[in-house]
Structures are given as structure tokens and as C-alpha cells.
Amino acid sequence: MNDILKIANHEIHNRLFIGTGKFPSKQIIKDVMLQTGAQVVTIALRRIDINAKEENILNYVPENCILMPNTSGARNAEEAIRIARILKESGCGNWIKIEIISDNKYLLPDNWETIKATEVLAKEGFVVMPYMSPDLAAAKRLENAGAASVMPLGAPIGSNRGIKTKELVKILINEIKIPVIVDAGIGKPSDATICMEMGCGAVLVNTAIATANNPVEMAIAFDLAVKAGRKAYLAGLGPESNYAHASSPLTGFLHL
Amino acid sequence: MSFYNTFEHYKNFDFNNCFAGITDNQVQAAIQKEVLSHNDILALLSPCAEKQLEQMAQISQKITFQNFGKAIVLYTPIYISDYCDNHCAYCSFNRTNKITRKKLSFEEIEKEAISIASTGLRHILVLTGDSRKYSPVSYICEAIKILKKYFPAISLEIYALEEAEYAEIIEAGADGLTIYQETYDEELYEKLHPAGPKRNYIYRMDAPERACKAWMRSVNVGALLGLSDWRKEVFFTLLHAQYLQDKYTDTEISVSFPRMRPHTGKFDVSFPVSDKHLVQMILATRIFLKRAGITISTRENSKFRDNLMGLGVTRMSIGSNTAVGGHTTGNEYGQFQIADNRNIETFKQVILDKGFEPVLKDWQNITKL
């Protein structure tokens, strides 16, 4: 079966998106992408040095990957917009992952400023992928503003705590028509599976891979987990129940 | 409100008695906590905690990797003027020291910039002495405008400014500010600063807060280690950092641990800080302020710096020269002697060999050129 995630005009076959912070070397990022076949990678403008040769992180993004640069460091909509425009002028494409954080302790996103930035950038033709706190009203506003997806957090960035916002993310999946991509907090491959089983369009993983003892092996584990979760979602999970349903019912003969 | 209000709570606190009374259990409890109280910080800075440094190091490393990854951001200082009106007893730039003073012209600043940028470094720290006559805010702003053509991240270590002046230098393109209280001991501060604009203790203490109010992106605080009892100095440094981070959530607050180095002038280090104690303060800081940047400069020697990677440090200077114009002239007689003379390429390789990523660029100035 051909299971494709469509964002803007892109057909995405691999639903594991990779974040690039915290890796012990740029070469490992490339290895992770190649070994998993991941197609979408996010890199912060703050880490891109267009003028450097060997140091330029963009040289480590495999061909055919979709670059989704992010606005890490933006503290309000205005800064995010400026960063997005600098990225576009630098030739980094028209995808933009909006990250607006005005809270250095928990690194929680500012939905209000994110909506404002989305409104402007979507009009300018960007494929806007906003990182957000899972709130239905905000997600609807982002959708109406022209976002290409919403990217709710599972738990605070880098916390590896899993999908703590599960109930809220489920509501977004039910109510929002654009893809819901869980970004931040995913600590274990099993967390990624849970997200995909719920019906997320994709997951973005960074810290859990980058800070593993063996990042490439961990990325492969995540890739399998994402695929497993997606397959389960498509196959249709059975209903949950508080009591047992016998696989071979005792009164089955009545229906013969 | 000012940090001085917090400081006042502890002004007459009996630190020695408190530190002496701290038990293993208190240290253990503090190490394990996610959110630490002031008493927990005291426990981690106590003599008793010295017995548990290895455990503190293990936890500190875990927190650091989780929040920053295996990465060390590199920067270098650029001294553009050493004219100074202050009498800081511990500093070469003390106005009574008979040294040849220099202020770089804008052409010379550009030459320094080209020289530094050719090494691959992208983060710089601009330093001046405290002289509104020779290095006024307008001169600093012009310097920033030249430097930002070469560097995407510019921090300043200059005299304390007014809030509106901080706004001016931010507008010009500065992203970060480093300003040390030197010593949090108010009486000692007055003795060490007998005259000059820096003499005002509270004005100095409130400078980082004025920068936060002006929306500086990152603010770095610290005490000059060696002037007074390090345990107290670090305690106040951490409280100061916490005060700023709680109040100004959109500014990145970081701390430095500058240990006194040989310099021009007659000043004996009254309270020498051992390597072990420097490690202890780094670990305590990381366990307390999980997301704060921690900077170690070339004041420390290469072997010690290499061993500090992974213990909580997130930023290191390299290729440093503390003389005005030193990056082009090679003059080695600056503000203080540096202890790690390696060049950038060598240091980058050392970082890589230790399994870390040397990060040359971690910000992109977004003000207009």
C-alpha cells in the first residue's frame, strides 16, 4: 500500500522527522538520515554558517531531503519572521518550522506569537510548520492562518518524557485537517509508536537520538517504531475494553 | 525590586556556621532534586559536598548532555580599548598602572575582525576599559556595526550602562552581555574600588537587570574568583542568575567562573581557588541551574579545560589575546596572562577527539547590517 504524507507539494514516505541539535558531530546527522531514510530534517538558522566550507551543516544534509529550517532563538513573532526571511534569502528553501519561545526555563512555545508569525509567513508563501502547545483553539487558528501542519509538543523539549499531552493531541488529530506532527518530548521509540498509532502524521525526534550512546542505532529503532505505529493505525486498532472478550466465544454455536 | 533585596536577606547570614553544619544527607537530597532551594545550593557548595563530587559529576553530565548535547560553543575576546577611569585593585587596566594605553581606530577594529574571522570563529566578546571619554557608547556602537559584518554573534564586556544605552547597543547589533560583580561582598567591593565610576556597588549589581529590561538576548554574570571566599561568591552568583532568569524568562542567563590570573600591578590573590573547588562550583551550578550556560575561559590551562568538557561547561574561549589589538599585533601583555595558548584548529581537534562537537556558530544576528 502506498502510504504518503503530503505536505505542500511534497510526498513524504518516511514519517520520522529528524532534529539536528545536540549531536556530537555533523557526520552523525548525515549517517542518521541515510540509515533511516528520513526525508525531513530541521536545522536552526543559528547553527547554519553559509560562509563556512567544512563547517556548514547544510553540507551534511543528504540530497533529496527536505530542509525544514527553524527559528530557534526567536522570542516573538517579529524575530521569527525576520529569521524566516533571512533563511529564504540564504537559499534554504521555503519551509519554515516556527519556534517561538519566550521562556528559557521550560522552553514552552508561545502560541499567541506563533499564530501571528504563521499569518504573515503563510501569506508570503512559506510552508509553515508551527511548533505549539497542544491547544485546540490555537491549532484551529494556525490551520486557518495557512499552516501546513501543526506540531504540538509531547513534553518539554529535550525532556525525553514521552507523550504527556496525549489527550490533547488526540483532540487535535480528531479536529484538525492538516497533519498533526508531535515535536519535542519523545524519549523512546515506544513513545513514537504511540503517537503514530493515535494517527499523528509524523513525529520529530532530536534529543533522544542525538544524545543516545549510539545515535545511528537509536535512529534506526525510531524509524522501525514509527513504521510499526503507522501500520497499526492504518490496520485499525481494536477497541479497548475493561473486561475480557474471549477469542473463541462460548456461545459461538448459536450463530452458526 | 532589585537583586539587592535578595542579597540583603543573606547579607549578615552566618555562612561559615551554615557550611560547617551541612551533612551528607543534605548533600544527597540536594543532588537528587529537580528543583533546588537556597539551602540545597548551600549544601552543594559546602565542604561536605566535596566527598560526593563524583556523584555530582555524573548527574551534572547527564543534565548537560540532555540540555546542550555534547557540544562546546567557541568564542574569542577582542579588546578594543584599555583606557580606564577605575582603580580596581586587581586589574591591569587600573588607571594608576603606568601602561601604554590604546584605543583601536575603526580601521584597526576591522583588521582585528578579519584576522579573527579567518580562523573560523564566529562568536566574539568585545571588551573595553571603563572610560566614557575614550570608549563612549557611540564608539562601541560603531565598533559593533563593523564587527557584525564578520561575526553573527557579538557579546560585550564593558562598563555598566543605563537601560537606554543597553537598548542602543542591542539596536547596533549586540546580542550578549557579560558583566561581573567582581565580589558580592559589599565592604570588600568598596575597598577594591576606591574611586571611579565602578565604585557604586548597587549600580553595578543592577546592570545585568537593566540589560534584561532592554531585551538583551543573553546575559552572563559572575564573580572574580580569588577576591573573597568562593563559596559565598558562587552562592550569590547563582542567586543572581536565578533572580534574573525567573524575572526575565526570555533572556538566556549564564554564568562564568573567572579565576584570577597573574597581571600587571601589585595584588595578591587573597583567596586562591583550587581546581577541585572550581569543579565543585561548576557541578553545583549545573545541578541547580539546569539550562544555564557555563563559560570557562583561557584563564584555565589546557589540561584542566579538556577535563572540564562534559562536566557542565557549555562555552569556552580560544585563540585569546587580552591586549588591545592583540589579534593583529600578537602583543601578549594585556589585561591578564592566558593559560591555554592553543590555536583554534588544535583545540577543535581536541574537542572532536573527546567526542564533542566544537560549535563555531550558535546564533545569527538578526538586526539589519
Side-chain angles (χ1 to χ4, degrees), chain A residues 19-29 44-57 69 71-76 78-87 90 100-108 110 113 156-161 187 206-213 215, chain B residues 34-35 61-74 117 120-123 149-153 175 212 215-219 242 244-246 248-254 289-293 310 348 351-369:
Chain A
T20 54
K22 304 181 188 175
F23 275 89
S25 84
K26 295 192 225 12
Q27 182 58 43
I28 296 179
I29 298 171
L45 169 69
R46 63 194 297 167
R47 286 285 171 97
I48 299 175
D49 190 351
I50 302 280
N51 302 321
K53 284 181 193 133
E54 50 169 318
E55 301 291 345
N56 187 352
I57 192 168
T71 65
S72 164
R75 297 174 290 179
N76 61 15
E78 195 193 332
E79 289 191 344
I81 292 165
R82 260 190 270 170
I83 291 173
R85 288 174 183 161
I86 292 173
L87 281 160
S90 314
I100 300 178
I101 292 171
S102 55
D103 149 49
N104 262 306
K105 273 170 96 176
Y106 301 98
L107 298 180
L108 292 172
D110 183 331
E113 292 291 322
I157 292 178
S159 67
N160 288 339
R161 296 180 65 178
N206 184 353
T207 305
I209 293 173
T211 65
N213 287 335
Chain B
E34 189 151 358
V35 179
Q61 179 169 77
K62 230 169 124 183
I63 300 168
T64 307
F65 287 172
Q66 196 181 357
N67 284 287
F68 298 91
K70 288 180 135 186
I72 302 285
V73 176
L74 301 178
L121 287 174
R122 295 289 179 262
H123 285 233
K149 289 192 279 179
Y150 302 91
F151 304 101
D175 304 302
C212 290
W215 223 38
M216 186 68 80
R217 181 168 298 278
S218 65
V219 169
Q242 182 192 36
L244 293 168
Q245 191 65 90
D246 284 351
Y248 304 95
T249 59
D250 50 11
T251 296
E252 289 173 24
I253 305 297
S254 53
L289 299 170
K290 298 185 167 50
R291 295 201 28 77
K348 266 164 61 183
I351 296 173
L352 285 168
D353 291 346
K354 288 190 75 89
F356 287 76
E357 163 91 343
V359 176
L360 296 175
K361 180 172 178 288
D362 189 35
W363 183 241
Q364 172 69 54
N365 184 283
I366 53 174
T367 57
K368 289 192 184 75
L369 273 180

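On a predicted model such as this, the values are computed, not experimentally measured, just so you know. Protein chains get the first letters and strands the later ones, always in sequence-line order, with residue 1 at the start of each. Only this structure's heavy atoms are used, side chains among them; waters, hydrogens and symmetry mates stay out.
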Taking every heavy-atom pair that is under 4.5 Å apart, which of A:Lys22, A:Arg46, A:Arg47 has the most such pairs with chain B?
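Ranked by contacts with chain B, first place is A:Arg46.
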
In terms of heavy-atom pairs under 4.5 Å, which option from A:Ile28, A:Asn76, A:Ile157 contacts chain B the most?
A:Asn76

Got B:Glu357 and A:Ser25 here, is their nearest side-chain heavy-atom distance under 4.5 Å?
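Sidechains of A:Ser25 and B:Glu357: in contact.
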
Less than 4.5 Å apart, any side-chain heavy atom of A:Lys105 and any of B:Arg291?
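No, side chains not in contact.
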
Charged N to carboxylate O under 4.0 angstrom, A:Glu79 versus B:Arg217?
yes

Part of [X] lying under 4.5 Å from any heavy atom of chain B:
X	value
A:Asn160	both
A:Phe23	backbone
A:Thr211	side chain
A:Leu45	both
A:Leu107	side chain

Decide side-chain contact (heavy atoms from CB on, under 4.5 Å) for B:Ile253 and A:Asn104; before the verdict, give the C-alpha distance in whole Å, the side-chain angles of both, and the deciding distance to 0.1 Å.
CA-CA 9 Å; B:Ile253 305 297; A:Asn104 262 306; over 6 Å; no

So which part of B:Asn67 gets closer than 4.5 Å to some heavy atom of chain A, the side chain, the backbone, both or neither?
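The backbone, not the side chain.
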
Taking every non-hydrogen atom, the tightest pair across A:Pro24 and B:Gly355
CB-O, 3.4 Å

Any chance you could measure B:Ile366, atom CD1, to A:Ile86, atom CD1, to the nearest 0.5 Å?
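Atom-to-atom, B:Ile366:CD1 and A:Ile86:CD1 are 6.0 Å apart.
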
If we define contacts as heavy-atom pairs under 4.5 Å, which of B:Gln66, B:Gln364, B:Lys70 has the most with chain A?
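Between B:Gln66, B:Gln364, B:Lys70, the count favours B:Gln66.
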
